[in-house]
Amino acid sequence: MAKKLEGFNFEQRHGKARVRVARVWRSKEGRHFMVEWNVSISLLSDSIIAYVDDDNSDIVATDTIKNTVYAKAKERKEQLSVEEFAILLAKHFTSFYRQVTSAIVRIVEKPWERVSVDGQLHEHGFKLGSERHTTEVTVQKSGALQMTSGIEGLALLKTTKSGFEGFIRDKYTALPDTQERMLATEVTSTWRYSYESVFNLPQKPLYFTERYLAVKKVLMDTFFGPPKEGVYSASVQSTLYQMAKAVLGRFHDISLIHLKMPNIHFLPVNLSSKDKDIIVKFEDDVYLPTDEPHGSIEASLSRFWSRM
């Protein structure tokens with residue numbers, strides 16, 4: 001909230017960014033569970049004396065914020081989701097410090113996945129995956145909540161069932177119509193949950209981890225279609241909309257989803273010799289992968305009642 005100060009509007013926040021923490025939980029049966037999180041925290045407060053009076057008595061030191069992340073991770077004896085940890089941190093800062101009115105916590109989870117050896121899941125072995133699970137929560141001292149989760153770096157590709165035709169043509173257009181092309185993208189998505197208070201959140205353990213995995217599955221299933229026949233994509237825009245609609249149709253506690261899907265091009269390579277008797281032509285089976293430049297497509301879909 002902006003404050004009027006000496007004829008100016010003044011807004012401030014402070015915190016700690018990129019606090020890296022890994023946590024391992026060990027079950028009685030000997031199986032290990034681990035996460036690696038990159039945590040950023042911003043604290044909003046009514047205190048302005050550090051800025052205008054050289055008085056730091058209301059400041060929570062950023063070193064304290066960092067140490068709190070490690071302490072809260074250690075205190076939690078049961079495995080928890082990245083969303084639950086973000087809320088736990090935000091609730092702590094808004095309740096423990098009288099001057100802190102709101103806390104914003106953003107966490108990116110590194111995708112460590114349990115490995116399989118000889119067909120069995122390893123008890124304590126992990127490998128690094130690709131896409132990252134993200135969350136951002138804002139908690140006010142009253143318990144009011146804004147909460148999003150998301151995914152970054154979800155690389156998807158299908159080698160057929162994609163086209164692009166009927167677009168605007170003018171003197172600058174060189175792209176031909178096609179009903180057959182590769183479709184590749186790297187999905188970045190965030191979705192907003194409809195929970196408005198920390199007091200009405202689901203109590204099921206790891207609820208938001210399960211929800212994240214389920215949303216990812218819906219996004220992928222909609223992109224690819226059935227295993228045998230697939231599904232035709234008339235454009236990245238059309239596929240994006242179908243993916244967003246599928247998520248909102250499936251999960252009623254998600255009020256908004258935003259998708260960013262660059263169109264990463266795989267260009268057919270055509271080679272031919274000058275000798276008409278010997279023609280070497282690779283068409284629709286050899287491609288030049290390019291990530292720059294790429295098409296940029298993004299959109300949001302929300303329910304009518306969703307707050308913006």
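Side chains are part of it too, since the values below use all heavy atoms of this structure and drop only hydrogens, waters and symmetry mates.
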* Have Arg106 and Ser40 got a donor and an acceptor in their side chains that come within less than 3.5 Å? -> no

* Considering only NZ, NE, NH1 and NH2 on the basic side and carboxylate oxygens on the acidic side, decide whether Asp46 and Arg98 come within less than 4.0 Å. => no

* Answer yes or no: are there more than 12 heavy-atom neighbours, outside Asp177 itself, under 6.0 Å from its atom CG? => yes

* **Any donor-acceptor N/O pair, Arg23 side chain to Arg76 backbone, under 3.5 Å** => yes

* Structure fact -> For Thr62 and Gly15 the tightest heavy-atom approach is CG2-O, 3.0 Å

* Test side-chain contact (heavy atoms from CB on, under 4.5 Å) on Glu83 and His133 and set out the steps. => CA-CA 10 Å; Glu83 289 87 354; His133 181 177; 2.7 Å; yes

* To do: Anything under 30° is parallel, anything over 60° is perpendicular, the rest tilted; go ahead and classify Trp37 against Phe85.
  => parallel

* Asked: Does the side chain of Thr160 pick up a donor-acceptor pair with the side chain of Glu180 at under 3.5 Å?
  -> yes

* Given side chains that start at C-beta, do those of Leu157 and Phe266 come closer than 4.5 Å, heavy atoms only? -> yes

* Structure fact -> CD (Gln242) and OG (Ser233) are apart, to the nearest 0.5 Å, by 9.5 Å

* Asked: Where does the angle between the aromatic ring planes of Phe167 and Phe164 fall among parallel (under 30°), tilted (30 to 60°) and perpendicular (over 60°)?
  -> parallel

* Heavy-atom donor-acceptor pair, Arg169 side chain to Leu175 backbone, under 3.5 Å -> yes

* Verify side-chain contact (heavy atoms from CB on, under 4.5 Å) between Tyr97 and Leu43, making sure each step is shown before the conclusion. => CA-CA 10 Å; Tyr97 299 102; Leu43 304 182; 5.5 Å; no

* Val82 vs Val35, side-chain contact (heavy atoms from CB on, under 4.5 Å): CA-CA, chis, key distance, verdict -> CA-CA 9 Å; Val82 64; Val35 292; over 6 Å; no

* **Whether over 12 other heavy atoms sit under 6.0 Å from Gln120 CD** => no

* Checking Lys158 side chain against Phe223 main chain: does a donor-acceptor pair fall under 3.5 Å? -> yes

* For Thr101, does its backbone N or O pair with a side-chain atom of Ser45 as donor and acceptor, under 3.5 Å? -> no

* Asked: Does Val21 belong to the same Ile/Leu/Val/Met/Phe/Trp/Tyr cluster as Val137, with side-chain heavy atoms less than 4.5 Å apart forming each link?
  -> yes

* Asked: Do Phe93 and Ile65 come within less than 4.5 Å of each other through their side chains, counting heavy atoms only?
  -> yes

* **Closest non-hydrogen atom pair between Gly119 and Ser116, with its separation** => C-OG, 3.6 Å

* Begin with the C-alpha distance, continue with both residues' side-chain angles, and end with the deciding distance and a verdict on side-chain contact (heavy atoms from CB on, under 4.5 Å) for Val218 and Phe251. => CA-CA 10 Å; Val218 168; Phe251 306 108; 3.9 Å; yes

* Atom pair CH2 (Trp25) and NE2 (His32), whose distance is rounded to the nearest 0.5 Å -> 13.0 Å

* Should the heavy atoms of other residues, nucleotides or ligands under 6.0 Å from NZ of Lys77 be counted, would the total exceed 12? -> yes

* Do the side chain of Arg13 and the main chain of Ser42 share a donor and acceptor less than 3.5 angstrom apart? -> no

* Ser81 side chain vs Leu206 backbone, donor-acceptor pair below 3.5 Å -> no

* Side chain to side chain, Leu145 and Glu196, heavy atoms closer than 4.5 Å -> no

* With rounding to the nearest 0.5 Å, note down the distance linking CD1 in Ile104 to CG in Leu44. => 5.0 Å

* To do: Please check if the side chain of Thr290 supplies one atom and the backbone of His265 the other of a donor-acceptor pair under 3.5 Å.
  => yes

* Whether Glu84 side chain and Tyr207 backbone form a donor-acceptor pair below 3.5 Å -> no

* Would you name the heavy atoms of Asn263 and His294 that are closest together and state the gap between them? => O-CB, 3.3 Å

* Asked: Would you say Lys91 has more than 12 foreign heavy atoms packed within less than 6.0 Å of its NZ?
  -> no

* Structure fact -> Distance col, row Ile254:CD1 vs Met147:CE, nearest 0.5 angstrom, shows 10.0 Å

* Greater than 12 external heavy atoms within 6.0 Å of Lys141's NZ -> yes

* Do Phe224 and Val247 share a hydrophobic cluster, counting only Ile, Leu, Val, Met, Phe, Trp and Tyr and linking them when any side-chain heavy atoms are less than 4.5 Å apart? -> yes

* Asked: Are any side-chain N or O atoms of Ser296 and backbone N or O atoms of Pro262, one a donor and one an acceptor, separated by less than 3.5 Å?
  -> no

* Drop me the distance from Ser162's OG to Gln179's CD, to the nearest 0.5 angstrom. => 11.0 Å

* To do: Take the angle between the ring planes of Phe208 and Tyr193 and call it parallel below 30°, perpendicular above 60°, tilted in between.
  => perpendicular

* Taking the side chain as every heavy atom from C-beta outward, state whether Met220 and Leu154 have any pair of such atoms under 4.5 Å apart. => yes

* Decide yes or no for Leu80 and Thr209: does some side-chain heavy atom of the first lie under 4.5 Å from some side-chain heavy atom of the second? => no

* To do: Please check if the side chain of Gln203 supplies one atom and the backbone of Leu201 the other of a donor-acceptor pair under 3.5 Å.
  => yes

* Asked: So do the side chains of Lys110 and Arg20 get within less than 4.5 Å of each other, counting heavy atoms only?
  -> yes

* Using the ring of Phe33 (Phe, Tyr or Trp, six-membered ring only), decide whether Arg114 places NZ or CZ under 6.0 Å from its centre and within 45 degrees of its axis. => yes

* **Distance-minimising heavy-atom pair for Ser255 and Leu248** => C-CD2, 4.1 Å

* **Nearest heavy atoms of Val187 and Met261, plus distance in Å** => CG2-CG, 4.0 Å

* Asked: Are Tyr212 and Val108 connected, step by step, through hydrophobic side chains (Ile, Leu, Val, Met, Phe, Trp, Tyr) whose heavy atoms are closer than 4.5 Å?
  -> no

* Structure fact -> Taken to the nearest 0.5 Å, the spacing of Glu292 CD from Ile264 CD1 works out to 10.5 Å

* Hey, does Val19 have a side-chain heavy atom less than 4.5 Å from the side chain of Ile41? -> no

* Asked: Would Phe96 and Val39 show up in the same hydrophobic cluster when neighbours are defined by side-chain heavy atoms closer than 4.5 Å?
  -> yes

* So, do Gln99 and Val60 sit near enough that their side-chain heavy atoms are less than 4.5 Å apart? -> yes

* Asked: Is the closest side-chain donor-acceptor distance between Thr173 and Asp170 under 3.5 Å?
  -> yes

* To do: May I ask whether Val215 and Leu259 are part of the same hydrophobic cluster, defined by side-chain heavy atoms of I, L, V, M, F, W, Y residues being less than 4.5 angstrom apart, directly or through others?
  => yes

* **For Ala103 against Thr94, the heavy-atom pair lying closest together** => N-CG2, 3.7 Å

